[in-house]
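Chain A is the first sequence line, chain B the second, and so forth, proteins listed ahead of strands; every chain is numbered from 1.
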2 protein chains.
Amino acid sequence: MRLNEKTKALMANKLSAAGLRVTQARLALAHLLFGQGDRHVTADALREEALAAGLKISQATVYNTLNQFHAAGLLRQVQVDQARSYFDTNIDTHHHFYVEDEARLIDIAAQEVDVTRLPDSPKGYDVDRVEVIIRLDKSPKA
Amino acid sequence: MRLNEKTKALMANKLSAAGLRVTQARLALAHLLFGQGDRHVTADALREEALAAGLKISQATVYNTLNQFHAAGLLRQVQVDQARSYFDTNIDTHHHFYVEDEARLIDIAAQEVDVTRLPDSPKGYDVDRVEVIIRLDKSPKA
DNA sequence: CAAATGTATTAGAATGATTCTAAAGTGAAT
DNA sequence: ATTCACTTTAGAATCATTCTAATACATTTG
Ligand SMILES: [Mn+2]
Ligand SMILES: [Mn+2]
Ligand SMILES: [Zn+2]
Ligand SMILES: [Zn+2]
């Protein structure tokens with residue numbers, strides 16, 4: 001069993017476990033998304049990666065798949081930029097730096113941030129998630 | 001001097017202080033934006049408010065004005081929803097609850113949240129702003 | 001105050017990300 | 001192999017936002 005096949009098996013498993021049918025498009029995109037370390041991708045960036053890898057996948061499928069993976073809990077959606085959505089392969093609780101100039105997200109492990117006090121939620125609402133976003137500027141030249 | 005005129009004078013002052021020319025459209029929108037307490041508005045919501053108030057203001061002007069006010073530091077832009085931008089009339093440091101189901105932002109005063117530890121910024125970058133967003137769900141029925 | 005000048009405003013077109021449609025393809029079950 | 005539900009797709013549609021280039025307005029100048 002080649003390495004590639006091994007990864008495919010892992011991905012197939014991941015999809016099944018998430019209640020998603022194992023299809024070629026999903027396998028291929030899962031491979032791109034989850035085969036490397038944690039990543040933050042836009043739909044378009046993933047599309048280009050897929051094309052560069054010689055995959056024949058439509059834009060609609062990229063969007064469908066990202067949305068399905070998100071709905072299935074395999075991806076988290078991060079909203080920091082007015083223009084695009086980012087999909088985050090790291091679904092554990094964590095936070096982000098966002099470099100506006102470069103439209104780039106950087107993970108911050110949960111234990112790197114201490115939020116030691118939060119207000120009570122309004123009556124009738126529960127906390128779904130606490131996000132800390134640290135927006136970064138380039139340092140001025142010395 | 002009527003109350004309306006008094007507010008207008010204040011708004012004119014605010015615009016001038018921000019280096020913006022005092023024009024009818026800007027005065028009218030500033031009046032809607034800053035005449036009441038702190039608010040979070042979308043471009044479209046402001047447009048509708050303007051129309052309901054009998055103002056004759058184009059969509060382009062609403063967008064132009066919001067962007068100019070933002071650039072001038074009179075508004076803060078809040079990015080919590082994939083679909084739309086929110087403009088926040090509260091430019092002091094503060095945080096937000098976001099009720100996804102209702103697409104509604106609620107202010108959290110800075111002193112209601114304690115962020116007691118943050119990671120160092122990557123080399124070459126400085127912190128522009130730390131945002132805490134608490135996403136809320138409706139509580140399940142008892 | 002009237003003309004001149006630089007901004008502002010506007011209708012409508014353009015853009016770009018995302019979603020939708022409805023037709024053809026594929027996976028799983030029989 | 002046949003069926004049936006689900007998936008993929010090209011292209012159209014949608015929607016927020018931006019752009020264009022023409023007209024209106026605010027401010028300065030004479
Ligand atoms: Mn939830
Ligand atoms: Mn800055
Ligand atoms: Zn992340
Ligand atoms: Zn606010």
Side-chain angles (χ1 to χ4, degrees), chain A residues 8-9 11-32 40-51 53-72 74-75 77-87 103, chain B residues 8-9 11-32 40-51 53-72 74-75 77-87 103:
Chain A
K8 275 225 175 84
M11 294 308 156
N13 209 57
K14 195 175 175 89
L15 294 177
S16 300
L20 293 168
R21 226 189 222 185
V22 179
T23 67
Q24 303 211 250
R26 285 179 189 153
L27 266 182
L29 292 176
H31 186 265
L32 289 177
H40 305 101
V41 297
T42 61
D44 196 53
L46 182 59
R47 174 109 211 277
E48 280 176 17
E49 231 177 273
L51 295 182
L55 300 170
K56 206 175 62 208
I57 296 197
S58 73
Q59 188 188 42
T61 297
V62 172
Y63 276 101
N64 288 341
T65 302
L66 286 172
N67 287 332
Q68 289 155 176
F69 284 11
H70 175 238
L74 300 179
L75 290 174
Q77 201 163 3
V78 181
Q79 201 51 47
V80 284
D81 186 286
Q82 191 220 310
R84 301 173 273 289
S85 276
Y86 288 87
F87 290 89
Chain B
K8 276 229 174 82
M11 295 307 155
N13 209 58
K14 195 175 175 88
L15 294 177
S16 299
L20 293 167
R21 242 192 192 167
V22 178
T23 67
Q24 304 212 249
R26 286 177 187 154
L27 266 182
L29 291 176
H31 186 265
L32 289 178
H40 305 102
V41 296
T42 61
D44 195 54
L46 182 60
R47 174 109 211 274
E48 281 177 16
E49 229 178 273
L51 294 182
L55 300 171
K56 207 176 60 206
I57 296 197
S58 74
Q59 190 188 41
T61 299
V62 172
Y63 276 101
N64 287 343
T65 303
L66 285 172
N67 288 331
Q68 287 154 176
F69 283 12
H70 175 239
L74 300 178
L75 289 175
Q77 200 163 5
V78 181
Q79 201 52 45
V80 284
D81 187 288
Q82 190 220 310
R84 300 169 274 289
S85 276
Y86 289 85
F87 290 88

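For A:Ala60, whose side chain is taken as the heavy atoms from C-beta onward, the closest listed nucleotide among D:dA10, C:dT7, C:dA11 is D:dA10.
For the pair B:Ile57 and A:Tyr86, both in contact range of DNA chain C, the more 5′-proximal nearest nucleotide belongs to B:Ile57. DNA chain D is contacted by both B:Thr42 and A:Leu20; A:Leu20 maps to the nucleotide lying nearer its 5′ end (nearest heavy atom per residue). In this structure, B:Ala83 and A:Arg26 both approach DNA chain D, and ranking their closest nucleotides by distance from the 5' end singles out A:Arg26.
Between A:Tyr63 and C:dT18 there is a side-chain polar atom (N or O) within less than 4.0 angstrom of OP1 or OP2. The side chain of B:Ser58 contributes no N or O atom lying less than 4.0 Å from OP1 or OP2 of C:dT9. Of the side-chain N and O atoms in A:Thr23, none sit less than 4.0 angstrom from OP1 or OP2 of C:dT26.
Rounded to whole angstrom, the span from the CD atom of B:Gln77 across to the C1' atom of D:dT18 amounts to 13 Å. Separating the CZ atom of B:Arg84 from the P atom of C:dT18 is a distance of 15 Å, rounded to the nearest angstrom. Going from atom NE2 of A:His70 over to atom P of C:dT19 covers 11 Å, rounded to whole Å. Rounding to whole angstrom units, CD of residue B:Gln24 and C1' of C:dT10 are separated by 14 Å. Here the C1' atom of nucleotide C:dT9 and the CG atom of B:Leu66 are 15 Å apart, to the nearest Å. As a whole-Å value, the separation of A:Asn64 CG from D:dT7 C1' is 8 Å. Here C:dG16 presents its C1' atom at 11 Å from CD of A:Gln82, a figure rounded to the nearest Å. The interatomic distance linking A:Phe69 (CZ) with D:dT8 (P) rounds to 9 Å, in whole Å.
Proximity of a side-chain donor or acceptor of B:Glu49 to a complementary backbone N or O of B:Leu51 within less than 3.5 Å is not detected. Panel note: side chain A:Arg47, backbone A:Ile57; a donor-acceptor pair is recorded below 3.5 Å.
Residues B:Asp44 and B:Arg84 fail the side-chain proximity criterion, which asks for heavy atoms closer than 4.5 Å. Annotation: side chain of B:Leu74 is in contact with side chain of B:Leu20 (closest heavy-atom distance under 4.5 Å).
Using a 4.0 Å heavy-atom criterion, one finds that A:Asn67 contacts the sugar-phosphate atoms exclusively. Nucleic acid contact for A:Ala25: sugar-phosphate only, since backbone atoms but no base atoms lie under 4.0 Å from a heavy atom of the residue. Using a 4.0 Å heavy-atom distance criterion, B:Gln59 is classed as a base contact. At the heavy-atom level, B:Ser85 lies under 4.0 Å from the strands shown only through sugar-phosphate atoms.
For the atom pair A:Leu29 CG and A:Phe69 CZ, the distance stands at 6.5 Å (nearest 0.5 Å).
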